[in-house]
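Letters go in sequence order (proteins before strands), and every chain restarts at 1.
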Amino acid sequence: MADETKSAKSGADATRPAAADTETGLPKAYRPGEVEHAIFARWVDADVFNPDGKGSRADWSKQPFVIIQPPPNVTGSLHLGHAQRSTVEDLMTRHARMQGRPALFLPGLDHASIAAQYVLDKLLAKKGESRQSLGRAKYLERMWQFVDETRQTILSQQRRVGASLDMTRVRFTMDEFSARAVREAFTRLYREGLAYRTEALIHWCPGCRTSVSDLEVIPKETTGSLWTMRYHLLDEQTGAPDPDAWISVATTRPETLLGDTAVAVNPEDPRYTALIGRQAMVPFVDRGVPIIADSVVDMAFGTGAVKITPAHDNDDYETGKRHGLSMITVLDDAARINENGGQFAGLDRFEARRQIVEALQERGEMDSIKPHEMLLGRCQRSDDVVEPRLKTQWFIRVAPLAAAALEATRSGRTQILPDRFVKVWEHWMTEMRDWNVSRQLWWGHRIPAWYCPDGHVTVTQDPAGPVACEVCSRPAADLHQDEDIFDTWFSSGLWPFSTLGWPDNTPDLERFYPGSVMETAYDIIFFWVARMMMLGIHLTGEAPFHTVYLSGLIRDPYGQKMSKTKGNSVDPLETIEEVGADALRFALVNGTAPGNDSRLGAEKLENARNFTNKLWNVARFVLGARPASIPSGAPRELPNRADVGPADRWILSRAAATVAAVDEAMRLYAFGDASQILYEAIWNEYCDWAVELAKIRLGDASLSTAEHETTWWTLVDVLDTYLRLLHPIMPFVTEEIWERLPHLSSDPALLIVADWPTVVAYAVDADAEREVNALLELVRAVRNARAEARIEPAAWLPVDVYVPDALGPTFDALQSAIERLARARPLDRSSSLDSVRGAVDGGLSVIVGDIEAVVRPVARDEAQSERDHARLERELAEAQALLASARARLANDAFTSKAPPTVVEVARARAAELEELVGRLTQRLN
RNA sequence: GGGCGGUUAGCUCAGUUGGUUAGAGCGCAUGCUUGACAUGCAUGAGGCCAGAGGUUCAAGUCCUCUACCGCCCA
């Protein structure tokens, strides 16, 4: 027995053949794996993802809704972050589509220049090949082959999640759409002076052999060393180094001394005042350099004197510029010491460091070596230590672009959600340095700049290149194109409009630009959102979207970032196999708020799966409960107002409230709220009560056929509403169930294009809600009293109940339901409170609102009475405490005079209610 | 060094503009093969809302400070 229970709980029965309900033919448990592919195929066949598709029901008089998908890397595969973002994007798209708006969810892939090269290089290395051994043309050929193999992977994986992407418009950042946009954008920026080429200190990754932008350098805490070494002063007369006089400088990078062109001290530092203006000798290269004063030098750091290497350090570069120092590059592209490094030329940077330190120690010129905590910049891609170095590169002048982007967010034309990120955004956009857009890589868009032998630059959007040099008119044959390519993010920055055909004024650009929502994870707000905003506003004159929705990151159950190497990653595809796409989607949305990281583990997924199953089963029930008088396949009818019972009115009203609540949540982009509202409405109201009440009504022979039919149509009506509301979040199971429900003649064949529900005014019924709620409370109270008194749950016990006259008709209508749900039989409604009170006689007292009841156990039991007494005393104590605080509040003149009258009124009513309750409880206890 | 976020039930998290008794899932306890569902049902226990001040008739919610955790930027 125990084993059986265990195996059932662990889900091992999933392998057993489904026990199909004879009535409906539906399996007992929802089996997503058996239906998801077919449902997706139905959507595709119906051609509903494309707003122009034959199945589209888009109303073009409505504002289109457009999400251009953040393009995943072409070489990548689906991870949970993608799944989460696709879900959120897709649910917004589906919601808009059901509202009848032309809804476009445009898919794409990113060529991911540096990341793709990194992946391919590793594959090549396994075969003993390399970028260098293949050469540019062959290498790119291999890349295209590779990309052709991988490009379908992630697109098809996203479809497993249910993403309703319009595959007729799929784009790639290396396709001709993108290429044209890149050439055009760059040429315009160049002509406007916003793109320029200059030698500057850039970040160089020796592993990737390219420059990288500020953002691609990841500072990491590292324990390095602080070396303090002697630079001998030069004799002011002879210019020869003085063996007895030196200045000790502290550095974390001794090998760069080969490129030193000064020693700097703080002008306020009394220790060095006398030395300012003197010369010191850089060891090994034997170069005399000035001792300069600059206030950037931190007197507390090391000895207070630092070496200045303008060509290999960001701060030193600035210092060098201020003081007109020469800049000597001592590293080559592989980060080996170059010809300027004298005896160390040819050595790797770390080997050079080792040898220099050793040599200084041998000479006795090393004062000290201390461990030192510092931040070391590493390459985002390869993790190599990034070298600052001088290179001639293309830059985008960001200040004017950033100003326009800031104006867009400040004016509210683009809103950032959640709004706390506005501050981060502002800070970044104000401080941003010019963007180095050239990369010394091969996989990407080649920079459309040509140089003549005299060094003149010609930039053109013509793919064939210029006819002649713009400056000296040399023929094209004398010109050569820039070898470099663009930073991946340059083409990504054009994505919101390059995908729609920009720079041509295509119908798609006309209709779908600017887009609606840019949904992305907050960690690429600078990489991507900033660039789309800057380039979009500048090149098209409009902000590319009205809302930036920033998602949080998905973490494992312990709050760790998921990663394959850590082995804590959840594979979305495996999860879909196990629990279905809907459950995954629900788990990724429920309990999350925009911008907040969330954790995903087995529990959440299991809960979501259970919810899917709950929905499936209640649908099975509804389908199987169709009164025989309604023929199978009959078109749907709305509940007849003349025949509805109180419970029907109650759930119809609750459903209307749910529609309103979900609408509000969707309006606020509070998708976690929307999912929670639906979870509770479906499970706690519809399944737990509405269906239970309907069962009894449907089986009540004293009611007319019309009443039975109306109750069933009510169940169908509400289920239909919930399926529509839930569809954006859980598209598969809702579509599967909806297909089996009766439809109105105005309904389309598929839920995906069915109308979004509206609040039906006649369904709103405050009386029904209040009255039925009161009676449900009675049921709960009776159950509670029985459970607390430890009465056999199956026992039917007589109950006498008093309800106020106002509740009388509703009570009578629900009498048989209350009997069944509270296991109260016979259930006698007394005409007066006194007769109920008079009948207590050892029974259980139930007091709920202004309803009182007595549950009469078959056998008298002293212990049972005591437990009941104890429960009442607890209730009394609680009520008394609440009453005391309510009274205290009302006794406060400040409250009654200053609080809004409605609040005071509510408080008075509450106090009166509590007073009444205390009275009743006291009466029962005596 | 500057900035942002978090701290709410044993765990993971919701909590809209301040307004009755702070919610959910999981877990826990006690029961239940109730004619859709044991992936279920019923009932229950469990919270000084990190700490200290302040504003207010009223604070989980607004303000200030402190502590710890996390992230971003330099």
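Comparing the same atom, P, in B:rG2 and in B:rA22 gives a spacing of 40 Å after rounding to whole Å. Here, B:rG27 and B:rU21 have their P atoms 31 Å apart, quoted to the whole Å. Across the P atoms, B:rG31 and B:rU20 are found 38 Å apart, a figure rounded to whole Å. The separation of B:rU8 from B:rU61, taken at their C1' atoms, amounts to 12 Å, rounded to a whole angstrom. Taking atom P on both nucleotides, B:rG44 is separated from B:rG23 by 14 Å, rounded to a whole Å. When the C1' atom is used for both B:rC4 and B:rA58, the distance is 30 Å, rounded to whole Å. Nucleotides B:rG10 and B:rG47, compared at atom P, are 7 Å apart to the nearest Å. For the P atoms, the distance linking B:rC62 with B:rC49 amounts to 15 Å, nearest Å.
If you check the side chains of A:Thr612 and A:Asp582, you find no donor sitting under 3.5 Å from an acceptor. If you check the side chains of A:Thr902 and A:Glu905, you find no donor sitting under 3.5 Å from an acceptor. A donor-acceptor contact closer than 3.5 angstrom is absent between the side chains of A:Arg585 and A:Thr87. No donor-acceptor contact under 3.5 angstrom links the side chains of A:Asn892 and A:Arg889, judged on distance only.
For the pair A:Phe586 CZ and B:rU39 P, the computed distance is 19 Å after rounding to whole Å. Distance, A:Trp528 CH2 to B:rC72 P: 20 Å, rounded to whole Å. Spacing between atom CD of A:Glu878 and atom P of B:rU21 amounts to 11 Å, rounded to whole angstrom units. Straight-line distance from the CH2 atom of A:Trp616 to the P atom of B:rA36: 16 Å, rounded to whole Å. Rounding to whole angstrom units, CZ of residue A:Arg820 and C1' of B:rC41 are separated by 14 Å. Atom P of nucleotide B:rC37 and atom CZ of A:Phe621 are separated by 10 Å, given to the nearest angstrom. At whole-Å resolution of the value, CD1 in A:Ile737 and P in B:rC37 are 15 Å apart. One interatomic measurement links the two molecules: CZ of A:Arg783 to C1' of B:rU30, which rounds to 16 Å at whole-angstrom precision.
Across all strands, A:Trp425 comes closer than 4.0 Å to no nucleic acid atom at all (heavy-atom distances). Using a 4.0 Å heavy-atom cutoff across all strands shown, A:Glu792 reaches no nucleic acid atom at all. Contact annotation for A:Ala899: base contact, defined as any heavy-atom pair under 4.0 Å involving a base atom. If you check every strand for non-hydrogen atoms under 4.0 Å, A:Asp673 touches sugar and phosphate atoms only. Using a 4.0 Å heavy-atom criterion, one finds that A:Arg780 contacts the sugar-phosphate atoms exclusively. A:Glu680 comes within contact range of the sugar-phosphate backbone alone, with a heavy-atom separation under 4.0 Å but no base atom that close. Within 4.0 Å of A:Phe611, counting heavy atoms only, lies no atom of the nucleic acid at all. Nucleic acid contact for A:Pro219: none, since no nucleic acid atom lies under 4.0 Å from a heavy atom of the residue. If you check every strand for non-hydrogen atoms under 4.0 Å, A:Asn590 touches nothing.
At a cut-off of 3.5 angstrom, counting only N and O atoms as typed in the model, there is a donor on one side and an acceptor on the other between the side-chain of A:Arg910 and the base of B:rU21. Side chain A:Lys614 to base B:rC37: a donor-acceptor pair is found below 3.5 Å. On a pure distance criterion of 3.5 Å, a polar donor-acceptor pair joins the side chain of A:Glu692 and the base of B:rA36.
Comparing B:rG19, B:rC57, B:rC72 by their nearest atom to the side chain of A:Val424 picks out B:rC72. Looking at the side chain of A:Phe895, the nearest of the listed nucleotides B:rC73, B:rG19, B:rA38 is B:rG19. Comparing B:rG19, B:rU21, B:rC37 against the side chain of A:Pro900 picks out B:rG19 as the nearest. Side-chain proximity of A:Asn617 to B:rA36, B:rU43, B:rA38: nearest is B:rA36. Closest approach to the A:His427 side chain among B:rG40, B:rC73, B:rA42 is made by B:rC73 (side chain taken as heavy atoms from C-beta onward). Nearest nucleotide to the side chain of A:Trp683, out of B:rU39, B:rC41, B:rG19: B:rC41. Here the side chain of A:Val691 is nearest to one of B:rA36, B:rG19, B:rG31, namely B:rA36.
Across the interface with RNA chain B, nearest-nucleotide mapping of A:Thr612 and A:Lys604 shows A:Lys604 to be the residue nearer the 5′ end. In terms of position along RNA chain B, the nucleotide closest to A:Leu914 lies nearer the 5' end than the nucleotide closest to the other residue of the pair A:Ala787 and A:Leu914.
Across all strands shown, B:rC68 forms a Watson-Crick or G-U wobble pair, both distances under 3.5 Å, with B:rG6. Across all strands shown, B:rU61 forms no Watson-Crick or G-U wobble pair with both key distances under 3.5 Å. Pairing for B:rG47 is absent, judged as Watson-Crick or G-U wobble with the two contacts each under 3.5 Å.
Ring orientation note: the planes of A:Trp683 and A:Tyr679 are tilted relative to one another, at an angle of 30° to 60°. Taking the six-membered ring where the residue is Trp, A:Phe611 and A:Phe586 present tilted rings, their angle falling between 30° and 60°.
A sub-4.0 Å separation between OP1 or OP2 of B:rU39 and a side-chain N or O of A:Arg609 is absent. In this structure, A:Lys28 does not reach the B:rG40 phosphate: none of its side-chain N or O atoms is under 4.0 Å from OP1 or OP2. In this structure, A:Asn607 does not reach the B:rU39 phosphate: none of its side-chain N or O atoms is under 4.0 Å from OP1 or OP2. Applying the 4.0 Å criterion to OP1 and OP2 of B:rU34, one finds that A:Lys695 has every side-chain N and O outside that range.
Remark: side-chain polar atoms of A:His869 are not paired, donor with acceptor, to backbone N or O of A:Gln864 under 3.5 angstrom.
Relative to the six-membered ring of A:Phe621, A:Lys695 meets both conditions, a distance below 6.0 Å and an angle of at most 45° to the axis.
The environment of A:Arg825 atom CZ is dense: over 12 non-hydrogen atoms of other residues, nucleotides or ligands sit within 6.0 angstrom.
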